[in-house]
Amino acid sequence: MARNLGAICGDKNNNMNLIRFCAASAVLVSHSFALATGSAAAEPLRGLIGMTPGSMAVDVFFVLSGFLVTRSLVERGSILAFIKARILRIYPALLVSVVITVAVAGLFFTTLGAKDFLLNDKTIEYLKYNSTIFWGYASFLPGVFEGNPFGAGVNGSLWTLPREVHLYYKLALAWILFSISKSRRTFVSIFVVCVAVGGLPYMLLKDGGRFVEGSDWRLGYLFFSGGAYYVLRKWIALDWRAFAVCAASIVLAYHQGYFFPVYSLVVPYMVLCLAYAPSGFLKHYNRAGDYSYGMYIYAFPVQQSLAAAVQGIGAWALMFASFAVTLLLAFVSWNMIEQRCLRFKNVRMTDALPEGLRTRIRALAESAGALRYRMKNY
């Protein structure tokens with residue numbers, strides 16, 4: 001039975017957390033083969049369709065991010081509230097992860113002395129770039145994981161975060177540019193849909209109609225396509241029959257040599273179908289929490305640490321061992337950091353101030369409002 005996306009997208013009883021957790025786990029699974037063997041080609045699906053479960057998982061993240069972030073901006077209607085919500089979601093857990101990686105994995109596995117390691121330019125660069133993430137990310141720590149099969153990369157998963165933050169910035173910039181109009185929600189919505197519609201052919205043109213790892217065009221298209229689905233939600237029906245047609249079209253396109261263009265076209269619909277259409281026991285996962293971000297930011301350094309500690313560890317052993325350790329870290333990250341920080345999303349900054357200072361701020365605001373009224377009617 002078809003369900004209108006506009007009627008159900010506000011329902012928090014959905015499968016978003018479960019899908020994101022599965023996507024983060026898929027990234028861990030894909031990385032296990034490369035990090036254990038030293039070859040990215042070792043992942044079974046790469047040779048078959050040119051993509052890995054991890055690559056598809058990143059696509060899922062960007063579709064969901066575009067949908068949810070666009071909704072956040074449009075519904076809040078405040079650029080400051082939007083920026084605050086994004087900062088609280090991305091940075092607290094990331095900062096802790098970066099510090100733990102340097103203090104634990106870095107100090108334990110480096111070939112340098114503790115003082116030389118901590119004062120090394122590469123360590124400072126790692127802390128600086130990976131804590132801010134806006135200007136890119138740093139891959140290496142001095143003397144760490146240099147003997148690992150896949151090389152010395154400490155947290156290769158972080159490459160997507162600067163891209164995602166830049167897309168937040170572009171969406172926020174569009175909101176600011178259209179703020180001169182009373183219909184800015186309409187103009188921003190049109191902007192999002194136009195970028196999504198034009199993004200697919202442009203991506204295929206720039207990337208030669210094939211999957212390109214790390215393509216900014218692909219990630220931008222997927223992000224804005226998720227946003228476009230939110231904008232057009234009232235006219236979109238989620239239906240398992242349509243989902244089946246999409247899946248069948250991907251299989252057919254694979255046999256005809258057009259897998260990636262068709263996949264790119266239908267994957268946003270399929271992701272949102274899975275997020276909102278299923279009902280029943282799957283939605284009970286929401287009670288457990290959202291461990292996907294913790295899984296994503298901790299998995300790679302955990303896997304590299306295990307590969308360094310257990311020489312010759314196989315892909316499957318690395319997969320299961322790293323999943324157990326990473327899940328524990330993700331559990332702690334969600335319950336001790338992420339969930340607590342997210343409680344402040346809807347708290348006004350002035351609420352944290354002393355009552356006397358809040359009273360003065362309100363009085364000043366009222367005086368400024370009265371002054372503007374007099375000047376307007378002078």
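Values below: every heavy atom of this structure, side chains too, minus hydrogens, waters and symmetry copies.
Atoms CG and CG, on L222 and L167 in that order, are 10.0 Å from each other to the nearest 0.5 Å. Between I90 atom CD1 and C341 atom SG the span is 12.5 Å, to the nearest 0.5 Å. Distance CZ/F211 to OG/S264: 9.5 Å, rounded to 0.5 Å.
Side chain to side chain, Y296 and T160 meet the donor-acceptor criterion of an N or O pair below 3.5 Å. A donor-acceptor contact closer than 3.5 angstrom is absent between the side chains of T186 and S189. With hydrogens and angles left out, the side-chain atoms of T52 and E43 include no donor and acceptor closer than 3.5 Å.
Judged by a 6.0 Å distance limit and a 45° cone about the ring axis, R233 is positioned over the six-membered ring of Y230. Both tests hold for R86 against Y168: distance to the six-membered ring centre under 6.0 Å, angle to the ring axis within 45°.
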(request) Kindly indicate, with the supporting measurements, whether the criterion ring-ring contact (aromatic ring centres under 6.0 Å, His included) is fulfilled by W217 and Y202. (result) CA-CA 8 Å; W217 309 113; Y202 191 76; 5.0 Å; yes
(message) Quick one, D216 with R163, criterion salt bridge (charged side-chain N to carboxylate O under 4.0 Å, His left out). Give me CA distance, side-chain angles, the key distance, then yes/no.
(response) CA-CA 7 Å; D216 287 334; R163 270 99 167 163; 2.8 Å; yes
(message) Please evaluate residues F140 and Y126 with respect to the criterion ring-ring contact (aromatic ring centres under 6.0 Å, His included), reporting the C-alpha separation (whole Å), side-chain torsions for both, the decisive distance (0.1 Å), and the verdict.
(response) CA-CA 7 Å; F140 305 104; Y126 187 92; 9.4 Å; no
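Taking the six-membered ring where the residue is Trp, the centroids of W316 and F33 are separated by under 6.0 Å. In this structure, H166 has its ring center under 6.0 Å from that of F134.
Annotation: side chain of M51 is in contact with side chain of D59 (closest heavy-atom distance under 4.5 Å).
Residue F108 is grouped with residue V325 when hydrophobic side chains (ILVMFWY) are merged at heavy-atom distances under 4.5 angstrom, including chains of intermediate members. A continuous path of ILVMFWY side-chain contacts below 4.5 Å connects V267 to L48, so both sit in one hydrophobic cluster.
We find that D290 and R89 are joined by a salt bridge, their nearest charged nitrogen and carboxylate oxygen being less than 4.0 Å apart.
Taking every heavy atom of both residues into account, L68 and R20 meet most closely at CD1-NH1, 3.2 Å.
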